[in-house]
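Everything below concerns the one structure shown next.
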Amino acid sequence: MAKQSISLLLSFLLILCPLYAPAEEAAGPFHSIEEVGAFLSTCAEDRMSDFTIHCSGETYEVLRANNFAALSVLQAKHGIADAVLHYSDEMRALFFTNTQYDFLPWAECADENEVRQAISSFARDRTTAFRLLLSPELCRQFYESSRIHHYAMACGITECSPGYLLSSGIIHVQNIVYTELPYASASSREEFLRAVEHMAKAGAEDFYICLDPDFYNSTVENETALNQLLLSSPLEHYAYTKDPYRKSLGFSKASYSLDPRILCPTENAVMEAILRMGASGVSRFMLILDKAVFDHVSENNFEHLHRLEAEAGLVSCALSYNSKDALLLYDQAVIQPDAVRLESIQDIIHTMETHAGDGDGEINLFCTQEMYDFLMDETGSLSGSETTRMTPLHDLAAQAGLFDYVTTSSPVTQIISFKKIQYYPGVRILRAVNTGNDTFLTARERETLLAARALAEACRSDTPLETARSIHDRLAEMIVYSSEHAVNEGDTAIGAFLNHQADCDGYADAFYLTASLAGLKVLCQHGDSFKAHQEKNESDSVTHMWNLLEINGTWRLVDVTWDDVEQGDIRHTFFNLGYDRASRTHIWNETLTVPLAPETDLSVRPANEYTVSGILQPAQIIDLAAARQQTSFDIIYANPAEAENHEELLTLIRLKTPSAFSYSWDDRMLMLSVHDISF
C-alpha cells in the first residue's frame with residue numbers, strides 16, 4: 001500500500017510540473033519526427049528558452065528510445081547546445097527550460113569516407129567547431145580508434161577536442177586549431193612522393209604529411225620501408241618526426257633534389273629504369289635497389305651492373321653509390337634508349353654509315369661479344385695470308401668517313417664509342433649536297449665543293465668507266481704526293497683541291513667526292529699494302545687508303561695515289577683492278593667491305609700493259625710492243641708459276657732491240673716493267 005501511494009504522488013507531481021514551469025510555448029501533439037524537427041527549428045529561430053513538446057505515442061517512443069538518442073540528433077541539427085529537459089511518459093511530453101543555442105554546422109555521415117569529406121569541407125571554411133551525426137556503431141568506432149584526430153590532421157587541423165555522445169552517434173568537435181604549415185595527405189607511396197614533390201616545387205622547408213593509417217603502419221613503422229620511401233622522394237636533407245596518434249610525418253629544415261629517384265626491386269627494374277631515363281633525356285638520377293640486388297650487381301667491381309647498363313643503352317656516366325642504403329647515383333649519363341646489339345658485320349657497317357651520313361658527333365656500337373672481339377682484334381684475318389697492324393675497327397671507321405676521333409671501349413659491356421669525331425671533307429660535303437643544307441660547311445669545304453663540282457662536270461663521259469678514268473687522270477695531274485700535312489689538310493680532299501698536295505687519304509677522299517658528284521657509286525677502302533716494286537718483307541707493310549668503284553654491278557679497285565708516279569707520268573696500273581690483281585699488293589679485311597670482281601677486265605687495261613696468259617704469250621707481247629714502237633710497257637703474269645720464267649722475256653727483248661734499256665721486276669705484282677727501249 002505504501003509503494004502504491006508513492007507512485008501516485010510522483011505521477012501527480014509530474015503532472016503539476018509543467019503547470020508551474022515558465023514555458024513560453026507548448027505544441028503538439030506531433031505525429032512524426034519531422035514535425036518535431038520543424039517545431040524545434042521555429043524555437044531556434046526565436047531563440048526560445050522554455051517550451052513543451054507533446055507527441056503521439058509512437059513518436060514519443062522513438063524519441064524516448066536509447067536515452068533520447070533521436071531527440072539529441074534533432075537538437076544537434078537545430079543548433080541546441082544545452083537545455084534542462086524534463087519528460088512525462090504518461091503525458092508523452094518533453095519540457096525544455098533554459099535552452100541555449102550554438103547553431104554549429106553539422107554533417108550527417110553514413111561511413112568513414114563521408115566523415116573524411118565532411119571534416120575536409122569544414123576545414124576549408126576554417127570552421128572552429130562542428131558536429132558529426134553518425135550511427136551509434138560508427139560513432140563508437142571513431143571513439144575507440146581516435147581516427148577523428150587523423151582525419152582532422154589530414155585537413156590541416158593540428159588541435160581539436162572531440163566529444164562523443166555514443167548512444168546518439170554524435171561527435172562534437174571543438175577547440176579547433178589550424179596549422180600555418182603546408183600539409184598534404186597520402187594513402188600510398190605514389191601519393192606520398194607526389195606530395196613531397198609538390199612541397200619541393202613550393203620550396204617548403206617545414207611541412208607535414210598525414211598518412212592513411214594502414215599505409216602508416218606498413219611503412220612508417222617499418223624502418224627499412226620508411227628509409228626507402230624517404231630515399232625515393234625529392235628530399236635531400238631534412239629532419240622528421242613521427243606522430244603515431246595522428247598517423248603523420250612532420251618535416252623540418254627540408255632541402256630537395258628534383259632528380260628522379262626510382263625504386264628497383266629486381267635487376268630487370270634497373271634496366272627498365274635506365275631505359276626510361278634515356279627515353280626522357282634525363283642524365284642525372286638515382287636508383288634505389290633491393291639490398292640483395294645491390295649486393296649481386298656490385299660484385300667484381302660492378303661488372304654485372306655494367307652489363308645491365310649496356311643492355312639498357314647506357315654509354316657512359318659518372319657513377320657513385322651508397323652500399324649501406326643500396327643506392328646508385330648516376331650523373332652525366334649518356335643513354336641511347338634505342339640501342340640494339342649488333343650481331344653481324346652488316347649491322348656494324350649499316351650503323352656506322354648511317355651515323356656518318358647524319359654527321360653525328362658521337363657513334364656508339366653496342367656489340368655482341370663475338371662482334372666486339374672481332375672489331376678489337378689486332379690480327380684479324382685479311383685478304384690472302386696477310387695480317388694488318390690496325391684493328392678492323394680502324395678500317396671500318398675510315399671507310400665510314402671518320403677522319404679523326406677518340407675511341408673508348410669496354411670488354412665488359414662490349415660498347416665501342418667514337419667521340420670528338422671529325423669526318424673527311426668528302427663525306428661532309430656530300431651530306432650537304434644530299435640534304436640541300438650547306439650551312440655547317442667551313443669556308444675551305446665550300447671552296448673544295450666548287451672545285452670538285454667543276455672537275456666532275458669536266459670529266460663526264462659517255463660511260464661510267466670513262467668518266468672514272470678521266471677523274472683519275474685529272475686528279476693525278478693536279479695532285480703532288482706529300483706526307484707533309486698542312487694542318488692535316490693533306491689527308492683530305494681539301495689538301496688535294498686547294499693545296500694540290502695530299503697523301504693517300506687525300507687522293508682517296510678527292511676521288512670519292514668527285515666521282516660521287518659525277519653520279520658514280522664509289523667507296524673509300526682502308527687497309528694495308530706493300531709498296532710497289534719492293535721485295536716482300538714485313539717492313540714494307542704500310543697502312544693505305546684507296547677507292548672502290550662500281551661498274552655494271554661489279555666492284556673494282558682504283559688507287560690514284562699509286563698511279564701518280566714521281567716522273568709526272570700518269571699510269572693506270574692500279575685502275576679498274578679485280579681481286580686477282582688487287583690482292584697482290586693491297587691488303588684489306590674482306591668481311592668489312594663489298595667483294596671485288598674476281599678477275600680484272602683485260603679489255604679496258606692501259607695500251608702499254610700486257611698480260612701473259614694462255615691466250616697471249618711472251619713472244620706475241622714483244623712483237624705487239626715493237627709494232628707499236630712503245631718506249632715503255634708493263635708485262636704482267638696472270639699465273640705465278642709462269643712468272644718464274646720472266647727472265648726469258650728479257651732475252652726476247654734484247655733480240656728485238658739493238659740498244660740498251662732499263663727494266664724492273666715487281667715480285668708482288670708479277671710485273672716486268674721495261675723503260676727507255678727502242679726497236
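- Taking each heavy atom of Thr591 and Ile345 in turn, the nearest pair found is O-CG2, 2.9 Å.
- Side-chain N or O atoms of Tyr423 include none that pairs as donor or acceptor with a backbone N or O of Gly361 at under 3.5 Å.
- Panel note: side chain Asp564, backbone Val560; no donor-acceptor pair is recorded below 3.5 Å.
- Counting only distance, with no hydrogens or angles, the side chain of Gln399 and the backbone of Leu592 share a donor-acceptor pair below 3.5 Å.
- With sequence neighbours left out, the side chain to side chain donor-acceptor pair (under 3.5 Å) criterion links Ser323 to no other residue.
- Considering CD of Gln501 and OG of Ser482, their distance stands at 4.5 Å, rounded to 0.5 Å.
- For Arg474, the salt bridge (charged side-chain N to carboxylate O under 4.0 Å, His left out) criterion is met by no residue, not counting sequence neighbours.
- Counted within 6.0 Å of OH on Tyr405, heavy atoms from surrounding residues, nucleotides or ligands total more than 12; the atom is thus considered enclosed.
- With a 6.0 Å radius and a threshold of 12 heavy atoms from other residues, nucleotides or ligands, Asp462 has its CG atom at or below the threshold.
- Residue Glu370 qualifies as open at atom CD: its count of foreign heavy atoms under 6.0 Å is 12 or below.
- Glu299 approaches Asp295 most closely through the heavy-atom pair CG-O, 3.2 Å.
- Within the 4.5 Å cutoff, the side chain of Thr351 has heavy atoms near those of the Leu342 side chain.
- When all heavy atoms of Tyr610 and Gln630 are compared, the closest pair comes out as OH-OE1, 2.6 Å.
- Not a single salt bridge (charged side-chain N to carboxylate O under 4.0 Å, His left out) links Arg469 to another residue, sequence neighbours left out.
- Within the 4.5 Å cutoff, the side chain of Gln525 has no heavy atoms near those of the Asn547 side chain.
- Counting only N and O atoms by type, the side chains of Asn437 and Thr435 include no donor and acceptor under 3.5 Å apart.
- In the model, His572 has a side-chain atom that pairs as donor or acceptor with a side-chain atom of Asp473 under 3.5 Å.
- Once rounded to the nearest 0.5 Å, the distance linking OG of Ser344 with NE2 of His350 reads 10.5 Å.
- A donor-acceptor contact shorter than 3.5 Å is absent between the side chain of Asp373 and the backbone of Met376.
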*When you look at Tyr512 and Tyr424, which way does the ring pair (Phe, Tyr, Trp, His ring centres under 6.0 Å) test go after all the steps?*
CA-CA 10 Å; Tyr512 168 75; Tyr424 280 101; 9.0 Å; no
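- Between Trp546 and Leu577, every side-chain heavy-atom pair lies at or beyond the 4.5 Å cut-off.
- Side-chain contact between Leu329 and Leu319: absent, with no pair of heavy atoms (C-beta onward) separated by less than 4.5 Å.
- At a cut-off of 3.5 Å, with distance as the only test, no side-chain donor of Thr492 or Asp509 sits close to an acceptor on the other residue.
- The closest side-chain donor-acceptor pair between His304 and Glu267 falls under 3.5 angstrom.
- Note on residues 420-434: pairs passing salt bridge (Lys or Arg N to Asp or Glu O under 4.0 Å), not counting sequence neighbours, are Arg428-Glu445.
- Side-chain atoms of Gln414 come within 3.5 Å of backbone N or O of Pro411 as a donor-acceptor pair.
- Residues Leu328 and Tyr321 share a closest heavy-atom pair of CD2-CB, 3.9 Å.
- Under the rule for a salt bridge (charged side-chain N to carboxylate O under 4.0 Å, His left out), Asp676 has no partner lying at least two apart in sequence or in another chain.
- Pairs passing the salt bridge (Lys or Arg N to Asp or Glu O under 4.0 Å) check and including a residue from residues 511-525, sequence neighbours excluded, do not occur.
- Considering only residues two or more places apart in sequence or on other chains, Glu197 meets the salt bridge (charged side-chain N to carboxylate O under 4.0 Å, His left out) condition with Lys201.
- Listed by chain and number, the residues in a side chain to side chain donor-acceptor pair (under 3.5 Å) with Glu272 amount to none (sequence neighbours excluded).
- Remark: Cys264 SG to Leu287 CG distance equals 4.5 Å, nearest 0.5 Å.
- Residues satisfying the side chain to side chain donor-acceptor pair (under 3.5 Å) test with Asn301, not counting sequence neighbours, are none.
- Looking at Leu475 and Phe511, their side chains come closer than 4.5 Å, going by heavy atoms from C-beta outward.
- Here Asp438 contributes atom CG and Leu449 contributes atom CG; the two are 7.5 Å apart, rounded to the nearest 0.5 Å.
- Under the rule for a side chain to side chain donor-acceptor pair (under 3.5 Å), the partners of Arg284 that lie at least two apart in sequence or sit in another chain are Asp259, Asp331.
- The side-chain heavy atoms of His306 and Val412, taken from C-beta on, include a pair separated by under 4.5 Å.
- Proximity of a side-chain donor or acceptor of Asp290 to a complementary backbone N or O of Ala292 within less than 3.5 Å is detected.
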_Trp588/His526 under side-chain contact (heavy atoms from CB on, under 4.5 Å): CA gap, chis, key distance, verdict_ = CA-CA 7 Å; Trp588 68 95; His526 186 272; over 6 Å; no
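- Applying the side chain to side chain donor-acceptor pair (under 3.5 Å) definition to pairs two or more places apart or across chains, those involving residues 550-559 are His544-Asp559, Thr554-Arg556, Arg556-Asn576, Asp559-His586.
- Aromatic ring pairs are classed by plane angle as parallel below 30°, tilted from 30° to 60° and perpendicular above 60°; the pair Tyr330 and Phe285 is parallel.
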*Is there a side-chain contact (heavy atoms from CB on, under 4.5 Å) between Met286 and Ser257 once you walk through the steps?*
CA-CA 10 Å; Met286 179 187 291; Ser257 169; over 6 Å; no
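- A donor-acceptor pair under 3.5 Å links the side-chain atoms of Arg584 to the main chain of Met669, judged by distance alone.
- In this structure, Asp325 contributes its side chain and Leu327 its backbone to no donor-acceptor pair below 3.5 Å.
- The CZ atom of Arg668 sits 9.5 Å away from atom OG of Ser529, with the distance rounded to the nearest 0.5 Å.
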Distance-only criterion, 3.5 Å: show the donor-acceptor pairs between side-chain atoms of residues 594-603 and protein atoms not counting sequence neighbours.
unit_1: Thr600; atom_1: OG1; unit_2: Gly578; atom_2: N; d: 2.9
unit_1: Thr600; atom_1: OG1; unit_2: Asp580; atom_2: OD1; d: 2.8
unit_1: Asp601; atom_1: OD1; unit_2: Ser603; atom_2: N; d: 3.1
unit_1: Asp601; atom_1: OD1; unit_2: Ser603; atom_2: OG; d: 2.6
unit_1: Asp601; atom_1: OD2; unit_2: Ser603; atom_2: OG; d: 3.3

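- Without hydrogens or angle criteria, Arg581 side chain to Thr573 main chain gives no donor-acceptor distance under 3.5 Å.
- Closest non-hydrogen pair, Ala400 versus Val427, comes out as O-CG2, 4.4 Å.
- Residues Asp491 and Phe403 approach most closely at CB-CE1, 3.2 Å, considering heavy atoms.
- With rounding to the nearest 0.5 angstrom, the OG atom of Ser673 is 9.0 Å from the CD1 atom of Ile635.
- Arg341 places a side-chain N or O within donor-acceptor distance of the main-chain N or O of Cys367, the cut-off being under 3.5 Å.
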_Full working for side-chain contact (heavy atoms from CB on, under 4.5 Å) between Asp377 and Thr391_ = CA-CA 6 Å; Asp377 184 11; Thr391 65; over 6 Å; no
